[in-house]
**Student:** 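My questions will all concern the structure given below.
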Amino acid sequence: MRGSSKVMARRRLGRSRSSAGCTAGHGYVLVIAEKPKAARKIAEALSNSTRPKLCRLGKVPYWLVSWNGRLHVIASAAGHLFGLTTDERGFPVFSYYWAPLWRIDGSASYTKRFFEVLEKLAGRATVFINACDYDIEGSVIGYMIIKSLGDVKRAYRAKFSALTRQDIQRAFRRLEPLDWDMIEAGLARHELDWIWGVNVSRALMDSVSRVTGRRVVLSAGRVQSPTLIEAVTRDKEINLFVPLPSFAVNVTIALGDYKHTGRLAVYETRQDALKAAEKLRRARFLKVVSYREWRERLLPPYPFNLGDLQAEAARLFGYSPMFTQRVAEQLYLEGLISYPRTNSQKIPESVDVATIVRNLARISEYHNLVGYLLRATGGILRPRNGPKDDPAHPAIHPTGEVPSTPLTGAQKRIYDLIVRRFLASMAPPAILARAHARLAATGIGSLELSGLRILDHGWLRIYYFAAPKESQIPRLRVGDIVDVKRVSVRIAYSGPPEPYTKASLVKWMERVGIGTEATRARIVELLFERGYLASRGKRIEVTELGYAVAWVLARYFPQLTSVELTRYFEEHLEAIRARKTSRSAVIDEAKRLLSSILAEFKKGAMESVGMELAKALNIIKPRNTCIICQREATEAGLCRFHQEALQRLLQGYMEWRRRAGVDCLEFLQKMAQLSSAGRWVREVAAYFVKQGKCPFSAL
DNA sequence: GCAAGGTC
């Protein structure tokens with residue numbers, strides 16, 4: 001085979017280099033970490049005087065240490081090494097089993113070498129310790145390895161939530177039996193996600209192939225589907241948006257050099273606004289009714305968790321959450337930053353911030369910033385911790401390692417962001433001078449003026465990305481009279497909701513509590529891969545297929561359209577953990593529910609759902625097309641979307657007539673033009689403008 | 001082939 005001799009040579013070299021002192025013999029304790037980085041930390045923590053002996057099998061490292069007078073071999077997984085799979089086709093499918101991930105998942109081939117090393121090391125071990133992350137998945141990762149390659153009867157759990165010598169040693173002095181309740185809850189999580197996801201995905205795919213004979217990859221799941229529905233709901237509101245008019249009375253004032261134009265009052269109708277404007281022109285002045293100056297402390301930011309980092313990198317550099325995550329993972333593997341897949345905004349005491357800060361000063365870019373930080377704090381370095389926490393990892397922070405090879409542009413930016421955020425979190429607050437004035441015109445409204453100056457930049461010197469915009473207003477006194485230079489009435493339109501971006505959709509997932517740090521960005525990308533979502537610049541749009549899948553789910557699998565299914569899972573997993581119920585009881589209940597809805601789907605919905613999806617996929621052409629677009633016409637010659645847009649236009653027209661006194665065609669022309677009007681709304685309006693007729697004939 | 005979850 002191509003290149004095999006080279007590979008073999010490297011393998012031999014790897015073996016021979018590490019073989020001295022690496023033959024552990026029999027009867028050792030095998031410690032299983034979740035990842036190589038953690039294994040190394042554990043090895044270091046358990047070797048009191050001597051350095052742990054680093055060994056390798058192929059590319060996979062493991063360590064030998066003597067702890068408590070016994071040889072401990074510390075090896076590592078690489079996340080899950082086992083996953084659920086089935087040999088059955090079709091649905092419903094409830095017969096699944098655990099298998100090595102490298103056998104069942106083509107993208108997880110890297111797990112094979114970890115699997116093989118653990119297999120080899122487990123064979124000669126007498127005791128097994130699950131030292132994976134102290135969370136539900138860590139319990140499953142270690143358990144599956146010990147169960148498949150070792151012996152659960154000779155196994156223990158080490159529980160530590162920080163990778164520090166102290167915490168690790170404490171955990172190894174107080175080893176506990178395997179945490180069966182956590183394991184059962186974790187196994188149940190895997191099974192529940194599998195039976196829901198695989199069955200409903202197959203129901204969608206099979207209905208398409210039933211109707212068209214084609215195989216198309218479609219999917220649904222506890223996390224991806226509510227996320228799709230959220231994007232659909234927003235996209236629909238934007239596409240159906242009918243802007244409403246309002247009339248603002250704007251006023252220009254001048255005080256010496258200071259000139260300002262602002263909004264005094266807003267009216268629904270033009271007449272009311274014109275009346276107020278006329279009144280104001282006659283009065284010709286505003287009176288200061290309040291004036292206040294004060295100082296404000298702007299507290300430093302929390303150190304980053306992954307979601308905050310992704311949001312900031314999107315805001316500042318336009319990076320997608322997945323891209324930011326990939327770059328952060330590279331920096332982590334280079335040893336430059338701590339573990340990035342964390343929800344924590346806290347830097348615990350166990351992190352030696354003083355040493356990290358001192359080391360950062362050796363990087364020329366940060367030398368002066370560190371100098372400032374040490375002067376400004378008197379050397380007392382305490383990060384401002386945020387409320388969010390993570391069972392297994394602290395907030396993202398630099399390690400203090402100096403980059404050995406030059407960083408790429410994106411790596412440099414992300415690293416810089418992390419370093420500055422970390423340093424800023426320990427810096428003094430910024431001091432702002434603020435001023436606010438209210439200038440009233442009796443019986444009409446008032447003009448608000450706000451001023452802001454930064455008196456002391458504090459942490460903003462370091463994390464300058466968050467600096468507020470400065471503005472000055474004149475110093476006023478209550479009772480002062482200010483001349484009005486100009487009065488105008490301007491029409492304003494209400495605006496649609498903000499379209500989602502990848503970053504804001506990930507933030508939504510975080511806010512409602514679905515997915516994890518490691519999966520949210522990936523699941524958003526998956527919705528693009530499936531063809532449910534598409535990008536238009538930074539904004540997310542839902543495709544025809546996305547709308548069709550959302551419609552099918554809402555009708556036949558409503559459980560998957562809401563984040564409530566995650567809440568339901570969480571409650572039941574917690575009950576398993578508390579031994580109030582059992583895994584089998586929870587799984588049986590899920591199977592019963594799924595059996596019944598899947599059977600009903602199979603009996604009565606395959607054809608219609610297949611047709612619906614096939615039309616969205618453009619495999620089947622609709623019989624009657626909409627008079628405006630290529631979609632199927634459902635009512636009055638219009639498709640579902642344009643029909644709904646027409647309804648919204650009717651409501652909007654009544655409001656426009658009342659507020660602005662327009663007639664039907666004027667209104668439709670306006671709607672066809674306004675860029676804030678939804679796409680479907682504009683299309684319907686343009687159609688009737690072209691026809692020269694008003695669709696609201698009943699009026 | 002399909003989930004969501006870990007990590008290279």
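The sequence lines fix the lettering, A, B, ..., with proteins before strands; numbering per chain opens at 1. Remember, predicted model here, so these are calculated numbers, not experimental data.
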**Student:** Closer than 4.0 Å, any side-chain N/O of A/Ser219 to the OP1 or OP2 of B/dA3?
**Tutor:**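 Answer is yes, contact under 4.0 Å.
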**Student:** Touch check for A/Tyr339, heavy atoms < 4.0 angstrom, all strands: base, sugar-phosphate only, or nothing?
**Tutor:**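 Sugar-phosphate, backbone atoms only, no base.
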**Student:** With side chains defined as the heavy atoms from C-beta onward, is the minimum distance between A/Phe528 and A/Ser535 less than 4.5 Å?
**Tutor:**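 A side-chain contact exists here, since the closest heavy-atom pair is under 4.5 Å.
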**Student:** Pair A/Glu44, A/Arg40 - check salt bridge (Lys or Arg N to Asp or Glu O under 4.0 Å), show working.
**Tutor:** CA-CA 6 Å; A/Glu44 284 167 356; A/Arg40 203 195 75 204; 3.2 Å; yes
**Student:** How would you label the contact of A/Ala108 with the nucleic acid (heavy atoms, under 4.0 Å): base, sugar-phosphate, or nothing?
**Tutor:**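 The residue A/Ala108 makes no contact with any strand.
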**Student:** Just to be sure I understand the rule, does A/Trp196 reach a base, reach only the sugar-phosphate, or reach nothing, if contact means heavy atoms closer than 4.0 Å?
**Tutor:**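 No contact.
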**Student:** Any heavy-atom pair between the side chains of A/Pro348 and A/Pro394 that's under 4.5 Å?
**Tutor:**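 SC-SC contact between A/Pro394 and A/Pro348 confirmed.
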**Student:** Quick one: label A/Val198 by what it contacts on the DNA or RNA (base, sugar-phosphate, nothing), any heavy atom closer than 4.0 Å.
**Tutor:**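 The answer is base, as A/Val198 lies within the cut-off (heavy atoms under 4.0 Å) of a base atom.
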**Student:** Quick one: are A/Val524 and A/Met322 in side-chain contact, heavy atoms under 4.5 Å?
**Tutor:**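 No, side chains not in contact.
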**Student:** I'd like to check A/Met509 versus A/Val223 (side-chain heavy atoms, cut-off strictly below 4.5 Å). Are they in contact?
**Tutor:**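 Of all side-chain heavy-atom pairs linking A/Val223 with A/Met509, at least one is under 4.5 Å.
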**Student:** Within the pair A/Arg341 and B/dT7, is there a side-chain N or O less than 4.0 Å away from OP1 or OP2?
**Tutor:**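 True: A/Arg341 side-chain N/O within range (under 4.0 Å) of B/dT7 OP1/OP2.
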**Student:** Using whole Å, report how far CZ of A/Arg520 lies from P of B/dA3.
**Tutor:**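 Going from CZ in A/Arg520 over to P in B/dA3 covers 18 Å.
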**Student:** Between P on B/dG6 and CD on A/Glu137, what's the gap in Å once rounded to a whole number?
**Tutor:**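 Computing the A/Glu137:CD to B/dG6:P distance gives 5 Å.
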**Student:** Look at all strands and tell whether A/Glu34 reaches a base, only sugar-phosphate, or nothing, counting heavy atoms closer than 4.0 Å.
**Tutor:**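 Answer is sugar-phosphate: A/Glu34 comes under 4.0 Å of backbone atoms only.
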**Student:** What about A/Arg222: does its side chain form a donor-acceptor pair under 3.5 Å with the base of B/dG5?
**Tutor:**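 Between B/dG5 and A/Arg222, which were checked side chain against base, a qualifying N/O pair under 3.5 Å is absent.
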**Student:** With sugar-phosphate meaning primed atoms plus P, OP1 and OP2, does A/Arg189 contact a base, only sugar-phosphate, or nothing at under 4.0 Å between heavy atoms?
**Tutor:**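 Base contact - A/Arg189 has a heavy atom under 4.0 Å of at least one base atom.
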**Student:** Taking the side chain as C-beta and beyond, is there a heavy-atom pair between A/His393 and A/Asp390 under 4.5 Å?
**Tutor:**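 Yes, side chains in contact.
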**Student:** For A/Gly83, which contact category applies under a 4.0 Å heavy-atom criterion: base, sugar-phosphate, or nothing?
**Tutor:**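 Touches nothing.
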**Student:** Pick the nucleotide of DNA chain B nearest each of A/Val223 and A/Met205; which residue has the one closer to the 5' end?
**Tutor:**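 This one resolves to A/Met205.
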**Student:** Across the strands shown, which category fits A/Asp133 at heavy-atom distances under 4.0 angstrom: base, sugar-phosphate, nothing?
**Tutor:**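 Touches sugar-phosphate only.
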**Student:** Select base, sugar-phosphate, or nothing to describe what A/Leu526 touches, counting heavy atoms under 4.0 Å on all strands.
**Tutor:**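 Sugar-phosphate, no base atom in range.
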**Student:** So what does A/Arg530 touch, heavy atoms closer than 4.0 Å: a base, only the sugar-phosphate, or nothing?
**Tutor:**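 Sugar-phosphate, no base atom in range.
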**Student:** Answer with base, sugar-phosphate or nothing: what part of the nucleic acid does A/Thr516 contact at a heavy-atom distance below 4.0 Å?
**Tutor:**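 Sugar-phosphate contact only.
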**Student:** Is the phosphate of B/dG5 approached by A/Thr519 (side-chain N or O, under 4.0 Å from OP1 or OP2)?
**Tutor:**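 Affirmative; the distance criterion is met.
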**Student:** By the 4.0 Å heavy-atom rule, please label A/Leu218 as base, sugar-phosphate, or nothing.
**Tutor:**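 The answer is sugar-phosphate, as A/Leu218 gets under 4.0 Å only of primed atoms, P, OP1 or OP2.
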**Student:** Can you tell me how far P of B/dA4 sits from CG of A/Leu187, to the nearest Å?
**Tutor:**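 Whole-Å distance recorded here is 18 Å.
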**Student:** Would you mind reading off the distance between A/Glu191 atom CD and B/dG5 atom C1', rounded to a whole angstrom?
**Tutor:**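 Result: 14 Å.
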**Student:** Would you classify A/Ile195 as touching base, sugar-phosphate or nothing, given that sugar-phosphate means primed atoms plus P, OP1 and OP2, and contacts are heavy atoms under 4.0 Å?
**Tutor:**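 If one applies the 4.0 Å heavy-atom cut-off, A/Ile195 turns out to touch nothing in the nucleic acid.
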**Student:** If I take atom CD in residue A/Gln325 and atom C1' in nucleotide B/dT7, what distance separates them, rounded to the nearest angstrom?
**Tutor:**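 Rounding to the nearest Å, CD of A/Gln325 and C1' of B/dT7 are 11 Å apart.
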**Student:** Going by modelled atom types, is there a donor-acceptor pair between the base of B/dG1 and the side chain of A/Arg89 at under 3.5 Å?
**Tutor:**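 In this structure, the two groups form no donor-acceptor pair.
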**Student:** In whole angstrom, give the distance that lies between atom CE of A/Met144 and atom C1' of B/dA4.
**Tutor:**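 Interatomic distance, CE of A/Met144 to C1' of B/dA4: 16 Å.
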